[in-house]
Amino acid sequence: MTPIIEENKSLKNSNTFGLDVTARYFATINSIAELETLLRDARWESIPKLVLGGGSNILFTQDFNGLVLHNAILGIEKINENDAHVFLKIGAGENWHKIVLYCIENNYAGIENLSLIPGTIGAAPIQNIGAYGVELKDVLDSVEGIQIPPASPTPFFKEADQCEFGYRDSIFKHALKNKIIITHVTLRLNKKPLFRTEYGAIRELVKNKPLSIKAISDAVIKIRQEKLPDPKVIGNAGSFFKNPIISEEQFLLLQKKYPNMPHFTEENACIKIPAGWLIEQCGLKGKRFGNVGVHEHQALVLVNYGNGTGDEIKKLSERVQATVFEKFGIKLMTEVNII
Ligand code: FAD
Ligand code: EPU
């Protein structure tokens with residue numbers, strides 16, 4: 001039951017930036033029993049730990065001098081059902097998009113708008129993944145996991161409304177940061193679909209076709225493939241920054257100067273501005289700086305052309321932040337987890 005510990009393991013194929021860093025120790029976790037054995041072993045007690053799923057939201061700026069726990073707990077189980085919903089309990093190491101396709105095949109609705117997001121389902125609650133009008137919180141029933149170090153209750157259990165979800169945010173990025181490893185996620189899927197087509201490009205692609213969750217998924221996949229770089233071809237971690245949310249007052253002042261600034265009204269009369277637009281207005285879209293750069297089709301995505309380092313990407317991100325702040329007075333916050 002003790003997992004194999006690899007030493008000085010390259011993480012190049014375990015992070016979507018393709019950064020050539022190593023982990024001092026690396027364990028692939030296949031079950032809760034393996035995880036508990038490892039976490040109760042005194043030899044690992046004081047060693048820093050990092051939970052790693054698909055590595056699609058992480059920027060390594062250095063080698064990790066500790067133990068990487070690579071979550072590979074698998075399995076999909078239908079644990080409950082009623083007239084409206086199906087409840088699937090899913091191992092945290094399952095690939096997110098594989099689960100989306102599984103749900104479409106079985107006619108379980110709710111996550112089709114989240115097609116093609118890379119990574120594992122265990123990481124999905126960490127930043128409350130979202131795309132095209134849907135967020136994980138809309139379909140999440142509960143999350144199960146183990147505390148680091150192990151402590152009761154084991155497993156710990158959180159209902160969705162205890163996860164403090166927000167835009168790209170949750171309790172797992174604050175009070176529980178680095179304190180838990182999620183082992184299972186339970187989704188509450190709809191038997192009767194509620195189609196979400198308000199995003200313009202989706203509406204365009206599904207018009208004149210019979211509406212179905214498969215049609216929406218296909219549209220989302222097409223839009224994403226046109227805009228977002230495939231990490232297998234060019235290293236990236238999706239949006240590097242969050243879209244900033246500013247006060248109405250600040251927005252109105254900026255709008256006088258930039259009447260075409262795209263914007264979306266949020267709760268409490270706050271306004272969300274697409275960070276990609278702000279970065280593009282600074283003339284940075286498509287700009288290359290040595291081994292790294294700002295993607296040519298989506299300015300919110302920083303890319304590694306092959307031989308870049310995490311440090312180069314971090315420096316570029318700071319340059320982008322400083323340039324946007326100077327022009328617009330808006331501070332961009334990073335979405336990617338920097339190690
Ligand atoms: P990792 O990168 O391995 O980990 C991310 C964080 O979660 C780390 O802090 C890690 O320690 C922690 N973590 C991982 N697994 C666990 C676990 N089981 N228990 C506890 N902590 C854990 N995100 C969106 O929200 N919407 C998008 O549309 C989107 N598009 C993307 C497009 C591209 C091309 C790429 C590369 C990324 C995109 N992302 C998007 C970001 C990314 O796919 C998500 O954040 C995804 O949930 C990360 O999953 P992962 O398994 O790769 O996590
Ligand atoms: N825009 C530009 N230039 C750009 C990019 C965007 O002007 O280079 C402007 C355009 O006005 C465009 C608007 O920004 O209409 C929105 O762009 P897009 O639809 O591409 O979405 P986004 O706001 O850039 C967010 C998420 C994505 C998610 C998409 C679709 C964040 C930080 N990013 O991007 O999530 O897939 O919406 O819902 O919220 C991720 O989190 O990694 C991610 C890719």
Side-chain angles (χ1 to χ4, degrees), residues 11 14-17 29 35 49-60 64 68-73 91-97 113-136 143-146 148 167-168 170 172-173 176-185 199-202 220 223-245 260-264 272-281 284-286 294-301 303 332-339:
L11 298 178
S14 306
N15 74 96
T16 60
F17 268 120
I29 306 295
L35 179 61
K49 295 173 191 72
L50 173 71
V51 184
L52 190 63
S56 64
N57 208 20
I58 278 195
L59 176 71
F60 286 102
F64 185 69
V68 167
L69 300 168
H70 172 53
N71 196 322
I73 298 175
E94 290 283 1
N95 174 268
W96 171 263
H97 184 59
N113 292 50
L114 303 177
S115 294
L116 216 60
I117 296 181
T120 55
I121 189 168
I126 307 294
Q127 71 160 9
N128 178 29
I129 57 168
Y132 308 102
V134 174
E135 289 183 322
L136 179 78
V143 166
E144 258 180 65
I146 306 287
I148 305 174
Y167 164 58
R168 297 293 189 276
S170 76
F172 309 111
K173 290 181 96 171
L176 294 181
K177 191 176 161 76
N178 298 331
K179 292 194 176 129
I180 51 108
I181 170 163
I182 293 172
T183 58
H184 291 88
V185 170
Y199 191 90
I202 298 185
V220 167
I223 296 165
R224 295 182 69 97
Q225 284 174 336
E226 277 165 12
K227 276 195 202 169
L228 293 163
D230 178 353
K232 287 197 197 93
V233 180
I234 181 161
N236 76 93
S239 301
F240 197 90
F241 305 101
K242 295 189 203 184
N243 286 324
I245 297 173
N260 298 326
M261 181 161 71
H263 59 279
F264 306 92
K272 189 188 266 183
I273 311 289
W277 184 86
L278 296 170
I279 298 168
E280 184 170 347
Q281 296 306 304
L284 290 166
K285 188 171 180 173
V294 179
H295 191 243
E296 56 179 333
H297 302 308
Q298 214 327 341
L300 199 42
V301 178
V303 296
L332 296 182
M333 307 301 286
T334 52
E335 176 190 300
V336 170
N337 300 280
I338 299 176
I339 307 290

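Start at 1 and go down the list; that is how both ligands and their atoms are numbered. Note: hydrogens, waters and symmetry copies are ignored here, and every other heavy atom, side chains too, is used.
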**Student:** Do I279 and L300 make a side-chain contact, defined as non-hydrogen atoms from C-beta onward lying under 4.5 Å apart?
**Tutor:** yes
**Student:** Could you list the atoms of ligand 2 found under 4.0 angstrom from a heavy atom of A131?
**Tutor:**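 Atoms satisfying the 4.0 Å criterion: 36 (O), 38 (O).
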**Student:** Find all atoms of ligand 1 within a distance of less than 4.0 Å from any non-hydrogen atom belonging to T120, and give their numbers and elements.
**Tutor:**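 Those atoms are 49 (O), 50 (P), 51 (O).
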**Student:** Run the side-chain contact (heavy atoms from CB on, under 4.5 Å) check on N71 and I181 step by step: do they pass?
**Tutor:** CA-CA 9 Å; N71 196 322; I181 170 163; 3.9 Å; yes
**Student:** Specify side chain, backbone, both or neither for I126, according to which of its non-hydrogen atoms lie closer than 4.0 Å to ligand 1.
**Tutor:**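 The part of I126 near ligand 1 is the side chain, not the backbone.
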**Student:** Under 4.5 Å between any side-chain heavy atoms of E94 and V185, yes or no?
**Tutor:**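 Result no, sub-4.5 Å side-chain heavy-atom pair not found.
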**Student:** Using a 4.0 Å cut-off to any heavy atom of G119, which atoms of ligand 1 qualify?
**Tutor:**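 The atoms of ligand 1 under 4.0 Å from a heavy atom of G119 are 49 (O), 50 (P), 51 (O), 52 (O).
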**Student:** For the side chain of N243 and the backbone of A275, is there at least one donor-acceptor N/O pair under 3.5 Å apart?
**Tutor:**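 Yes; at least one donor-acceptor contact below 3.5 Å.
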**Student:** Answer yes if a protein heavy atom lies under 4.0 Å from atom 15 (O) of ligand 2, otherwise answer no.
**Tutor:** no
**Student:** Which atom pair, heavy atoms only, marks the closest approach of V301 to P229?
**Tutor:**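 Shortest heavy-atom separation between V301 and P229 comes out as CG1-CG, 3.8 Å.
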**Student:** For atom 47 (O) of ligand 1, which protein heavy atom lies nearest, and how many Å away is it?
**Tutor:**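 Residue, atom and distance for the closest contact: I129 CG2, 3.3 Å.
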**Student:** Could you check I182 against I180 for side-chain contact (heavy atoms from CB on, under 4.5 Å), going step by step and ending with a plain yes or no?
**Tutor:** CA-CA 6 Å; I182 293 172; I180 51 108; 3.7 Å; yes
**Student:** Could you find the nearest protein heavy atom to atom 5 (C) of ligand 2 and give me its residue, atom name and distance?
**Tutor:** Q298 OE1, 3.4 Å
**Student:** Within a distance under 4.0 Å of any heavy atom of I181, pick out the atoms of ligand 1 and give their elements.
**Tutor:**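 Listed by number with element, the hits are 19 (N), 20 (C).
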**Student:** Could you check atom 16 (C) of ligand 1 against the protein and tell me its nearest heavy-atom contact, residue, atom and distance included?
**Tutor:**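 Protein heavy atom with the smallest distance to atom 16 (C) of ligand 1: V51 CG1, 3.4 Å.
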**Student:** Of all the atoms in ligand 1, which lie at a distance below 4.0 Å from a heavy atom belonging to A131?
**Tutor:**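 Matching atoms, with element in brackets: 28 (O).
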**Student:** What closest approach, in Å, do L114 and W96 show between heavy atoms, and which atom pair accounts for it?
**Tutor:**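 Minimum heavy-atom separation between L114 and W96: O-NE1, 2.9 Å.
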**Student:** If you take the nearest heavy atom of each of N337, I182, N236, which one is closest to atom 34 (C) of ligand 1?
**Tutor:** N236
**Student:** So which heavy atom in the protein is nearest atom 38 (C) of ligand 1, and how far is it from that ligand atom?
**Tutor:** P118 CD, 3.7 Å
**Student:** Can a protein heavy atom be found under 4.0 Å away from atom 44 (C) of ligand 2?
**Tutor:**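 Under the 4.0 Å cut-off, atom 44 (C) of ligand 2 does have protein heavy-atom neighbours.
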**Student:** Output, in order, the C-alpha distance, side-chain angles, deciding distance and verdict of side-chain contact (heavy atoms from CB on, under 4.5 Å) for F240 and V294.
**Tutor:** CA-CA 10 Å; F240 197 90; V294 179; over 6 Å; no
**Student:** Provide, to 0.1 Å, the distance between atom 38 (O) of ligand 2 and the closest protein heavy atom, together with that atom's residue and name.
**Tutor:** Y132 N, 2.7 Å
**Student:** If you measure from CG on N57 to CD1 on I129, what distance do you get to the nearest 0.5 Å?
**Tutor:** 10.0 Å
**Student:** Starting from atom 39 (O) of ligand 2, locate the nearest protein heavy atom and write down its residue, its atom name and how far away it is, to 0.1 Å.
**Tutor:** Y167 OH, 2.7 Å
**Student:** Return a yes/no value: protein heavy atom under 4.0 Å from atom 2 (C) of ligand 2?
**Tutor:**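 Flag for atom 2 (C) of ligand 2 set to true, protein heavy atom closer than 4.0 Å.
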**Student:** Closest approach of K177 and K173, non-hydrogen atoms and distance?
**Tutor:** CD-O, 3.6 Å
**Student:** Ignoring hydrogens, what is the shortest heavy-atom contact between D230 and N236? Give both atom names and the distance.
**Tutor:**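 Heavy atoms of D230 and N236 come nearest at C-ND2, 4.2 Å.
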**Student:** Do me a favour and list the nearest non-hydrogen protein atom to atom 42 (C) of ligand 1 with residue, atom name and distance?
**Tutor:** S56 OG, 3.3 Å
**Student:** If I compare all heavy atoms of I117 with all of A131, which pair ends up nearest, and what's the gap?
**Tutor:** CD1-CB, 4.2 Å
**Student:** Just let me know how Y199 lines up against ligand 2, side chain, backbone, both or neither, with a heavy-atom cut-off below 4.0 Å.
**Tutor:** side chain
**Student:** Which atoms of ligand 1 are found less than 4.0 Å from any heavy atom of P229?
**Tutor:** 34 (C)
**Student:** Any N or O of G130 that comes nearer than 3.5 Å to an N or O of ligand 1?
**Tutor:** yes
**Student:** Answer yes or no for F240: is there a heavy-atom contact with ligand 2 below 4.0 Å?
**Tutor:**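 In this structure, F240 fails to qualify as a contact of ligand 2 - no heavy atom is under 4.0 Å.
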**Student:** Is the shortest N/O to N/O distance between A299 and ligand 2 below 3.5 Å?
**Tutor:**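 Yes, since at least one N or O of A299 sits under 3.5 Å from an N or O of ligand 2.
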**Student:** For atom 1 (P) of ligand 1, what is the closest protein heavy atom, and at what distance to 0.1 Å?
**Tutor:**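 Scanning the protein heavy atoms, the shortest distance from atom 1 (P) of ligand 1 goes to G55 N, 3.5 Å.
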**Student:** Could you name the option among R224, E280, H263, E296 that has the heavy atom nearest to atom 4 (C) of ligand 2?
**Tutor:**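 The residue whose heavy atom sits nearest atom 4 (C) of ligand 2 is E280.
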**Student:** So which protein heavy atom does atom 9 (C) of ligand 2 come closest to, and at what separation?
**Tutor:** P274 CB, 3.8 Å
**Student:** Using a 4.0 Å cut-off to any heavy atom of F241, which atoms of ligand 2 qualify?
**Tutor:** 32 (C)
**Student:** Please indicate whether any nitrogen or oxygen in G54 is less than 3.5 Å from any nitrogen or oxygen in ligand 1.
**Tutor:**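 Yes; the residue has a nitrogen or oxygen that sits under 3.5 Å from a nitrogen or oxygen of the ligand.
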**Student:** Nearest heavy atom to atom 35 (O) of ligand 2: which of Q127, R168, Q281, E335 does it belong to?
**Tutor:**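 Considering heavy atoms of Q127, R168, Q281, E335, the nearest to atom 35 (O) of ligand 2 sits in R168.
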**Student:** Does the protein place any heavy atom closer than 4.0 Å to atom 29 (C) of ligand 2?
**Tutor:** no
**Student:** Considering heavy atoms of the protein only, find what lies nearest to atom 40 (C) of ligand 1 and give residue, atom and distance to 0.1 Å.
**Tutor:** I117 CG2, 3.8 Å
**Student:** I want to know if ligand 2 touches K285 in the polar sense, i.e. an N/O pair below 3.5 angstrom.
**Tutor:**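 Yes.
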**Student:** Of all the non-hydrogen atoms in the protein, which one sits nearest to atom 45 (O) of ligand 1, and at what distance?
**Tutor:** Q127 NE2, 3.0 Å
**Student:** List the closest protein heavy-atom neighbour of atom 42 (O) of ligand 2: residue, atom name, distance to the nearest 0.1 Å.
**Tutor:**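 Going by distance alone, atom 42 (O) of ligand 2 is nearest to S239 N, 2.8 Å.
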**Student:** Could you go through the side-chain contact (heavy atoms from CB on, under 4.5 Å) check for I223 and Y132 one step at a time?
**Tutor:** CA-CA 10 Å; I223 296 165; Y132 308 102; 3.6 Å; yes
**Student:** Atom 32 (C) of ligand 1: which of Q225, R224, E335, E94 has the nearest heavy atom?
**Tutor:** R224
**Student:** Determine, considering heavy atoms only, which of G276, A275, P262, A201 sits nearest to atom 11 (O) of ligand 2.
**Tutor:**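 Of the listed residues, P262 has the closest heavy atom.
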**Student:** With heavy-atom distances below 4.0 Å as the criterion, list the atoms of ligand 1 near I180.
**Tutor:**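 Every atom of ligand 1 under 4.0 Å from some heavy atom of I180: 20 (C).
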**Student:** Considering only heavy atoms of A237, which atoms of ligand 1 have at least one such atom less than 4.0 Å away?
**Tutor:** 35 (C), 36 (C), 37 (C)
**Student:** Can you give me the closest heavy-atom contact between R168 and E335, atom names plus distance?
**Tutor:** NE-OE1, 3.1 Å
**Student:** Can you tell me how far NE2 of H70 sits from CD1 of I73, rounded to the nearest 0.5 angstrom?
**Tutor:** 11.0 Å
**Student:** Tell me: protein heavy atom nearest atom 53 (O) of ligand 1, and distance?
**Tutor:**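 Result: A123 CB, 3.3 Å.
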**Student:** Suppose we measure from atom 23 (O) of ligand 2 to each protein heavy atom; which comes out shortest, and what is that distance?
**Tutor:**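 The closest one turns out to be N243 ND2, 2.9 Å.
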**Student:** For ligand 2, which atoms sit closer than 4.0 Å to a heavy atom of K227?
**Tutor:** 18 (P), 19 (O), 20 (O)
**Student:** Does only the side chain of N57 get under 4.0 Å from ligand 1, or the backbone, or both, or neither? Count heavy atoms.
**Tutor:**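 Both the backbone and the side chain of N57 come within reach of ligand 1.
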**Student:** Measuring from E135:CD to Q127:CD, what's the distance to the nearest 0.5 Å?
**Tutor:** 10.0 Å
**Student:** Give the numbers and elements of all ligand 1 atoms closer than 4.0 Å to a heavy atom of N71.
**Tutor:** 18 (N)
